[in-house]
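Just so we're on the same page: letters track the sequence lines, and every chain starts at 1.
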Amino acid sequence: MPELPEVENIRLSLAKNIIGQEIKEFKLFWPDVFVNATDLDPNDLLIGKKVESLGRRGKYLFIHLAGSVTLILHFRMTGKLIYYQGEHEPEKHTHAVFYLENGQIHHSDMRKFGRIQLVETALLGKVPAIAKLGPEPFDERFSIEVFGQRLSGKKSTIKSALLDQETVAGIGNIYADEALFMAGIRPERRTASLKISEVILLYDAIQGALKAGIEAGGTSFRDYRDGDGNKGLFQENLYVYGRAGQNCKVCGSVLGKTKTAGRTTVFCPVCQI
DNA sequence: CCATCATCCTGCCGGC
DNA sequence: TGCCGGCAGGATGATG
């Protein structure tokens with residue numbers, strides 16, 4: 001499921017192929033995927049527009065078009081956005097295709113949870129889901145102090161706090177479990193119970209896990225592909241996610257599994273306190 | 001404020 | 001072999 005590292009890899013892999021190209025045609029195969037806030041025909045706003053740049057905020061991908069219009073994409077679980085040089089036939093779960101000068105961008109999503117939205121670029125920050133997002137994990141303004149401040153007063157479990165996009169943007173179930181393992185903290189711990197030393201460990205673990213994920217090309221546990229259709233490699237480096245019942249890579253203990261914050265959660269009963 | 005649950009959706013897997 | 005129930009989960013909104 002695309003979390004920050006995966007969306008960042010989609011952004012980077014697409015950018016090198018589509019920036020500067022003009023949208024010639026747009027086809028929608030499953031209309032529900034498109035959330036049109038303006039009530040205008042997407043075609044009127046997309047055709048003839050050039051791709052200017054690609055951005056990202058948390059797990060949201062932005063495709064900025066000339067003419068001050070931006071496409072917002074969220075991939076949820078199984079969403080994909082792949083660029084094909086030249087022609088490419090739509091596949092079973094292809095919901096939208098952007099036809100460019102030299103190729104096509106195919107949006108597909110087996111589970112149909114992902115959405116595409118079109119907004120005026122100037123209003124991007126006003127979109128509720130975007131406006132609510134917490135700081136970017138690698139923004140210099142996201143300091144250890146800021147992190148501690150955002151955690152303070154929370155009565156939820158620390159896993160729930162990490163999954164909450166208002167705490168920090170971009171963490172999902174995979175990187176939440178990985179960061180908590182790296183920090184040696186049990187997912188079901190109450191946020192308020194964390195010592196300052198643990199908050200610092202967790203801060204470093206969040207950045208460490210996300211950075212490692214980005215550099216490995218993301219986690220292709222099952223469905224994830226980047227904008228070139230390639231898999232990532234981080235699934236080979238996971239400490240806990242998807243490894244319940246297997247041995248901890250650090251201490252050899254059998255990894256435990258719980259349901260925390262409504263999500264499957266894997267942890268090491270020895271390494272995490 | 002927080003937790004839990006239903007909703008959306010389809011492929012996969014284990015059990016029988 | 002084939003059917004079926006359960007599971008996977010990000011964001012949102014309802015409910016307790």
Side-chain angles (χ1 to χ4, degrees), chain A residues 1-8 10 28-35 37 56-62 72-81 90-96 107-117 119 126-134 136-137 149-180 186-194 206 210 213 218-225 231 235 238 240-246 255-267:
Chain A
M1 52 233 76
E3 303 179 24
L4 188 152
E6 289 73 37
V7 179
E8 182 64 8
I10 293 172
L28 210 45
F29 298 95
W30 184 61
D32 289 3
V33 76
F34 208 94
V35 179
R56 181 193 55 74
R57 186 80 171 83
K59 304 172 196 171
Y60 292 85
L61 178 73
F62 303 143
I72 306 172
L73 293 101
H74 196 297
F75 302 101
R76 290 295 216 280
M77 249 71 74
T78 55
K80 296 190 187 82
L81 198 61
E91 294 167 15
K92 187 178 178 186
H93 299 294
T94 304
H95 303 318
H107 175 272
S108 68
D109 187 354
M110 181 184 83
R111 301 275 282 281
K112 294 184 171 176
F113 278 23
R115 290 295 181 268
I116 305 173
Q117 191 172 352
V119 297
K126 304 281 186 194
V127 175
I130 308 296
K132 282 190 295 187
L133 291 175
E136 280 296 311
Q149 201 174 12
R150 299 186 78 84
L151 291 180
S152 69
K154 282 193 183 293
K155 292 175 180 174
S156 63
T157 62
I158 186 60
K159 166 114 185 205
S160 174
L162 292 183
L163 290 176
D164 184 351
Q165 300 302 297
E166 296 180 35
T167 307
V168 189
I171 301 171
N173 208 28
I174 296 173
Y175 294 93
D177 277 11
E178 292 301 305
L180 286 165
R186 292 270 186 123
E188 72 275 17
R189 285 267 303 278
R190 292 284 136 183
T191 303
S193 78
L194 297 194
I206 288 169
L210 293 175
T219 304
S220 290
F221 190 76
R222 177 166 288 170
D223 301 287
Y224 168 71
R225 300 292 184 277
K231 289 186 178 188
Q235 63 279 8
L238 295 173
V240 286
Y241 181 85
R243 300 192 67 247
Q246 299 181 42
L255 298 177
K257 182 166 127 174
T258 60
K259 204 90 168 172
T260 305
R263 298 279 171 268
T264 300
T265 301
V266 186
F267 66 99

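- Between A:Q165 and C:dG10, a side-chain N or O to OP1/OP2 separation shorter than 4.0 Å is absent.
- Among the atoms of the strands shown, only primed sugar atoms or phosphate atoms (P, OP1, OP2) are found under 4.0 Å from some heavy atom of A:Y241.
- In this model, the phosphate group of C:dA8 is approached by a side-chain N or O of A:T264 to a distance below 4.0 Å at OP1 or OP2.
- Phosphate proximity of B:dC9 to A:H93: absent, as no side-chain N or O sits under 4.0 Å from OP1 or OP2.
- Distances shown here put a side-chain N or O of A:K112 below 4.0 Å from the OP1 or OP2 atom of B:dT10.
- Looking at heavy-atom distances under 4.0 Å, A:E3 makes no contact with the nucleic acid at all.
- The environment of A:K231 atom NZ is sparse: at most 12 non-hydrogen atoms of other residues, nucleotides or ligands sit within 6.0 angstrom.
- Judged by atom type and distance alone, A:R263 reaches the base of C:dG10 through a side-chain donor-acceptor pair under 3.5 Å.
- Distance from the side chain of A:S160 is smallest to B:dA3 among C:dG10, B:dA3, C:dT12.
- Nucleic acid contact for A:T157: sugar-phosphate only, since backbone atoms but no base atoms lie under 4.0 Å from a heavy atom of the residue.
- At a threshold of 4.0 angstrom between heavy atoms, the contacts of A:M77 include nucleobase atoms, whether or not backbone atoms are also involved.
- Mapping A:K132 and A:N173 onto DNA chain C via the closest heavy atom, the residue that lands nearer the 5' end is A:N173.
- A:A129 comes within 4.0 angstrom of sugar-phosphate atoms only, judged by non-hydrogen atoms across all strands, and of no base.
- Side-chain polar atoms of A:Y175 and A:E6 form a donor-acceptor pair below 3.5 angstrom.
- Each of A:R222 and A:K155 lies near DNA chain B, and the nucleotide nearest A:K155 is the one positioned closer to the 5' end.
- At the heavy-atom level, A:G153 lies under 4.0 Å from the strands shown only through sugar-phosphate atoms.
- Residue A:H93 holds its NE2 atom at 8.5 Å from NZ of A:K80, rounded to the nearest 0.5 Å.
- Look at A:K159 and A:E188 and you find no salt bridge, because none of the NZ, NE, NH1 or NH2 atoms lies under 4.0 Å from a carboxylate O.
- Annotation: the span from A:K112 atom NZ to A:R76 atom CZ amounts to 15.5 Å, rounded to 0.5 Å.
- Regarding contacts with the backbone of B:dG11, a side-chain N or O of A:K92 is found under 4.0 angstrom from either OP1 or OP2.
- At a threshold of 4.0 angstrom between heavy atoms, the contacts of A:R190 are confined to the sugar-phosphate backbone, with no base atom among them.
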